[in-house]
Amino acid sequence: MQIGQTITQFIIEEQRRTGGTGDFTALLNDVFTACKNISSAVNKGQLIGVLGSAGSENVQGETQKKLDIITNDMMIDATVWGGHLAGMASEEVDEVSPIPSRYPKGKYLLAFDPLDGSSNIDVNISVGTIFSVLRCPEGVSDPGEEDFMQPGAEQVCAGYALYGPSTMMVMTTGHGTNGFTLDQNVGEFILTHPDMKIPEDTREFAINASNERFWFPPIKRYVDECIAGVDGPRGDNFNMRWVASMVAEVHRILVRGGIFMYPNDARDPGRGGKLRLMYEANPMSFIVEQAGGVSSTGTERIMDLKPTELHQRVPVVLGSRNEVERVIAYHKEEK
Ligand code: AHG
Ligand code: MN
Ligand code: MN
């Protein structure tokens, strides 16, 4: 029986069309292996005692869950040995992780969030893994933070794994966005969502409304108008969702449209929002744009930003084109 197109077959065929190297396919295969491993650990949960806090903090001052650390190690172990990477950067590690000298080095850089939405892990709600692949600058064999400071537009590939009712892998290499579902029996991601496209219009928004009192006027105006429904200026009713796992929110938007916002706010404006540019906002922006959506800070295209720090935060407004453009217009009108 034919099982459908595997993700490896898909990438090799895409590589033949676009002239990529086998090196890149091999790197992605290692990333997929990591995500299958993470899927298995997340799925077993407390059966193998992995839920709960690790009692430590990451560089961003967030309390780490046991699974933040376990999944970080899984991603590193699956990709470090293969000879395709020159360096790695993770949400859970302060600085760039070098490739140990016992392994050959390659030409790519990998940035990742090993477990996105980890506040949801103990309550058995969907979580994910996000990754971004960059080229290591020519002539650099021991990349440091400065070598990762490339705009999102330079990404070679971006993807996420979603550990939900099904485990899925959604990725782009700049030729559209494609979704694959893990067949647990076969152990392969199979193409199930070819050429995903985000509807241009939506009546569904996602924002953590508990931060409302800190919002700046353009975001407050947009959300107020949605909530006013048929009686307000939009003349239509809107629905709201907030999973608190960016991976789950972006996946919903890819499947049925929507707008997702994690804006900067007045609580700590210098922080620039919550989400991290290198391993959350940039890869998700690449995936969203390749599916016909828009991704902005509210004033700038996220993928045009020149990063300044590995763990830099950035405001995020992404999803259905016409709604994101409306939020951008509200920011312009505010100036
Ligand atoms: P992480 O678990 O990797 O730290 O990321 C969590 C992020 C993101 O996935 C989600 O959209 C957001 O934080 C939720 O934030 P609130 O808890 O403020 O709603
Ligand atoms: Mn995250
Ligand atoms: Mn995380």
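Because the structure is predicted, anything quoted here is derived from the model rather than measured. Remember, it's 1-based here, ligands and their atoms both numbered in the order they're listed.
Contacts between E249 and ligand 1 below 4.0 angstrom, taking non-hydrogen atoms only, are absent altogether. Heavy atoms from both the backbone and the side chain of S118 come within less than 4.0 Å of ligand 1.
For the Mn ion (ligand 2), protein N, O or S atoms closer than 2.8 Å were enumerated as D113 OD2, D116 OD1, E280 OE2, with waters left out.
With N211, T129, D116, N208 as candidates, the residue nearest to atom 8 (C) of ligand 1 on a non-hydrogen basis is D116.
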field: Test salt bridge (Lys or Arg N to Asp or Glu O under 4.0 Å) applied to R267 and D265, step by step
entry: CA-CA 6 Å; R267 196 174 15 174; D265 63 36; 3.0 Å; yes
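Considering backbone and side-chain atoms alike, D113 places an N or O below 3.5 Å from some N or O of ligand 1. Distances between N or O atoms of R276 and those of ligand 1 include at least one value under 3.5 Å.
Within 6.0 Å of CG in N237 there are more than 12 heavy atoms belonging to other residues, nucleotides or ligands. The environment of CD in E334 is crowded: more than 12 heavy-atom neighbours from other residues, nucleotides or ligands sit within 6.0 Å. At most 12 non-hydrogen atoms from other residues, nucleotides or ligands lie less than 6.0 angstrom from NZ of K332.
Looking only at distances, a side-chain donor or acceptor of Q155 sits under 3.5 Å from a matching main-chain atom of G152. A distance-only check finds no donor-acceptor pair linking the side chain of N120 to the backbone of V127 [under 3.5 Å]. Formation of a donor-acceptor pair under 3.5 Å by the E289 side chain with backbone atoms of S285 is not found in this model.
At the top of the distance list for atom 18 (O) of ligand 1, counting protein heavy atoms only, stands Y262 OH, 2.5 Å. Distance from atom 12 (C) of ligand 1 to its nearest protein heavy atom, with residue and atom name: K274 NZ, 3.9 Å.
With salt bridges taken as basic N to acidic carboxylate O contacts below 4.0 Å, none links K107 and E138. Ion pairing of R252 with E204 is present here, as a side-chain N (NZ or NE/NH1/NH2) and a carboxylate O approach within less than 4.0 Å.
Heavy-atom contacts of M246 reach the following atoms of ligand 1: 8 (C), 9 (O), 10 (C), 11 (O) (cutoff under 4.0 Å). Near L275, meaning under 4.0 Å from any of its heavy atoms, are these atoms of ligand 1: 7 (C), 8 (C). Annotation for ligand 1: atoms under 4.0 Å from non-hydrogen atoms of S245 are 9 (O). Listed by atom number, the atoms of ligand 1 under 4.0 Å from E280 heavy atoms are 3 (O), 5 (O). The ligand atoms of ligand 1 that sit less than 4.0 angstrom from a heavy atom of G117 are 1 (P), 2 (O), 3 (O), 5 (O), 6 (C), 9 (O).
Residues E91 and Q60 bring no donor and acceptor atom of their side chains to less than 3.5 Å of each other. Side chains of D30 and T79: a donor-acceptor N/O pair is absent below 3.5 angstrom, by distance only.
Assignment of L115 to the shell around ligand 1 is supported, since a heavy atom sits closer than 4.0 Å.
Ring centroids of H331 and F216 are separated by 6.0 Å or more, keeping the two rings apart.
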